Amino acid sequence: MMRRLARLALAASALVSASVTAAQRGQDAIEIDGGRIDGVSLPSGVSAWLGIPFAAPPVRQLRWKPPQPVAPWRGTRHADRFAPECLQPLRGSRQNHYFGEEATSEDCLYLNIWAPPAARGAPVIVWIYGGGFNIGSASMANYSGEPLAQAGVVRVNLAYRVGPLGFLAHPQLSRESGYGSSGNYGLMDQIAALQWVKRNIRRFGGDPGNVTIVGQSAGSMSVTLLQMSPLARGLFNRVVGMSGSPFGGMLGPAPLATAEAQGVRLQNEVGAASLAELRAIPGDRIIAATTPRDAIVADGHVVTGTAEQVFAARRQADVPALIGYTLDESFRPLGPVRDRRGLERAARQQFGAQADAILAAYASGDPTRAAADIARDASVGAQMAAWATHQQRFGTAPAYAYLFTRRQPYAAGITFSDHDPATVGAYHSGDVPYWLRTRGSLDLFRKTRAWEPGDVSLEAEMSAALLSFARSSVPVSPALGRWPAFDAAEPRLVWLAPESRVVAWPHFTDMRLFPSAAATRPGGARPRD
């Protein structure tokens, strides 16, 4: 389920957006790390610099190494087109693409920047893509930075290594690392990109002292992990997490020994006799490996413990957080549920002794709706509630919470054969185009939506809150005004809909009934997404 939803949500764009296609080179050259670049001027008035290298290509001997500095170049580099996405499985034709495929390469550590005209000291919003740490793109149209740049911020999309090329741990890699562990290279890429932003973003009109990092799904988990990491300290001023956190252990971190053993099994699967041979094997063979593998590793270097441990020790970056999820997230589905009997059977099968208490809390209405609510809160809902709770309990900076409930209106003829509620409802990633004002980009490849006036107003409400948060650390939106800060004594959130409102956080205390994902998986091992 996670792989299918992530691929559906992240089907990347082989199309360059219409505005970039029509862009004209003509930006004055800028001196950055590595040399001079120029960008493009878009018809909207926004300036864009696409495919800027922030680290050396992680290939050959740099495969499974922390990101290294860019080699300087001569002359002016034309930053006028997107770089390939990091090497990852291609998505098949049955995945209901929004945008088609992109080129892929191990040479992928690049970022894209969009800036408003004559920007100077503007807030910076950095986007981190999701995809279960196995797929993702910094260049898909749904993540375009142009719309928010038109509103006055500098937008940055960074790329990071995914899958086993980004997160493999191995005993030999740990021995050669110099810090006694391995894995988490994709997180190191994110940190290197943020360091690059700190050093260079002023040249694009951004304020390096006013950086907000934003991510969805695995990107949201990345945001939490960056908030936890000592290596990322001082690189951002606030965080936005959409539908995902490492609280509860759903995606780790795994013990180093467990992750190293998985790396050895992968090595054996691809038939490499040594680490040197493993580095020489074509990358597509590495990503095709089927050995189960944890993504995030408790390496003691990037990740120094679980989210619960780091926050309880007050080792997190104590910065304001805007976090939430969607109504129909489904990462621990109960299966097809059509009546009360089916709901009870599915709950008992999945939750055992806790099932009666869970059913008492959730099963007062329609069984199908109750099943969807349970599936959501047993995974992403509990993750975000725990993040908000730890943010308040172990820090001083506020958290602001939301629940996105809008079922996107599909165009005529658009159907989904499995009728999965998480796909046809307010599904995982369905909120992204509203936050980023990229609603129009979803029709570039094929028309899938019939947008209604309520969608336009909801996009305005959500994007205004994000922009306000990036400027002032407080979300303020046209209809709601100032959003309430989270308070565990009276947990509330913003119910995002065509008519948004502040409500009591649904089932907030009931989420304590669910066992954590880590507790249900022996040894911390989890299947690939």
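Since we're looking at a predicted model, the values are computed, not measured. Heavy-atom basis, side chains included; hydrogens, waters and symmetry copies ignored. One-based numbering along the sequence shown.
Side chain of Ser220 to backbone of Ser245: no donor-acceptor contact under 3.5 angstrom is found. At least one donor-acceptor pair under 3.5 Å links the side chain of Ser457 to the backbone N or O of Gly454. Side chain of Asn142 to main chain of Met140: no donor-acceptor pair is present (N/O by atom type, distance under 3.5 Å, no hydrogens or angles).
Annotation: salt bridge (Lys or Arg N to Asp or Glu O under 4.0 Å) contacts of Asp373 (sequence neighbours excluded): Arg369, Arg376. Applying the ring pair (Phe, Tyr, Trp, His ring centres under 6.0 Å) criterion to Tyr110, with sequence neighbours excluded, gives no partner residue. Legend: residues meeting side chain to side chain contact (heavy atoms under 4.5 Å, CB included) with Arg203, ordered by chain and number and at least two apart, are Ile30, Ile32, Asn200. Residues passing the ring pair (Phe, Tyr, Trp, His ring centres under 6.0 Å) test with Phe404 are Tyr434, sequence neighbours excluded. With sequence neighbours excluded, no residue forms a ring pair (Phe, Tyr, Trp, His ring centres under 6.0 Å) with Phe469. Looking at residues two or more places apart in sequence or on another chain, you find no side chain to side chain donor-acceptor pair (under 3.5 Å) involving Arg36. Applying the side chain to side chain contact (heavy atoms under 4.5 Å, CB included) criterion to Ala497, with sequence neighbours excluded, gives Thr405, Trp495. Arg120 meets the side chain to side chain contact (heavy atoms under 4.5 Å, CB included) test with no other residue; sequence neighbours excluded.
A side-chain hydrogen bond (donor to acceptor under 3.5 Å, both in side chains) check over residues 151-163, counting only residues at least two apart or in different chains, returns the pairs Arg155-Asn157, Arg161-Asp189. Pairs engaging residues 452-462 under the salt bridge (charged side-chain N to carboxylate O under 4.0 Å, His left out) rule: Arg406-Glu452, Arg406-Asp455, Arg439-Glu459 [sequence neighbours left out].
For the pair Asp33 and Val70, the minimum side-chain heavy-atom distance is 4.5 Å or more. Looking at heavy atoms from C-beta onward, Ser44 lies out of side-chain contact with Trp114 at the 4.5 angstrom threshold.
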Working note: Tyr143 + Asn112, criterion side-chain hydrogen bond (donor to acceptor under 3.5 Å, both in side chains); need CA distance, chi angles, decisive distance, verdict.
CA-CA 11 Å; Tyr143 301 160; Asn112 307 313; over 6 Å; no
Working for side chain to side chain contact (heavy atoms under 4.5 Å, CB included), residues Val432 and Trp127:
CA-CA 11 Å; Val432 171; Trp127 174 260; 4.1 Å; yes
Just distance, no hydrogens or angles: give the donor-acceptor pairs under 3.5 Å from side chains in residues 478-494, sequence neighbours left out.
{"unit_1": "Trp483", "atom_1": "NE1", "unit_2": "Ser477", "atom_2": "OG", "d": "2.9"}
{"unit_1": "Asp487", "atom_1": "OD1", "unit_2": "Gln392", "atom_2": "NE2", "d": "3.3"}
{"unit_1": "Asp487", "atom_1": "OD1", "unit_2": "Ala489", "atom_2": "N", "d": "3.0"}

Please tabulate, for the side chains in residues 310-323, all donor-acceptor contacts under 3.5 angstrom to protein atoms that are two or more places apart in sequence or on a different chain.
{"unit_1": "Arg314", "atom_1": "NH1", "unit_2": "Phe394", "atom_2": "O", "d": "3.1"}
{"unit_1": "Arg315", "atom_1": "NH2", "unit_2": "Thr304", "atom_2": "OG1", "d": "3.4"}
{"unit_1": "Gln316", "atom_1": "NE2", "unit_2": "Phe394", "atom_2": "O", "d": "3.0"}
{"unit_1": "Asp318", "atom_1": "OD1", "unit_2": "Thr396", "atom_2": "N", "d": "3.1"}
{"unit_1": "Asp318", "atom_1": "OD1", "unit_2": "Ala397", "atom_2": "N", "d": "3.0"}
{"unit_1": "Asp318", "atom_1": "OD2", "unit_2": "Thr396", "atom_2": "N", "d": "2.8"}
{"unit_1": "Asp318", "atom_1": "OD2", "unit_2": "Thr396", "atom_2": "OG1", "d": "2.6"}

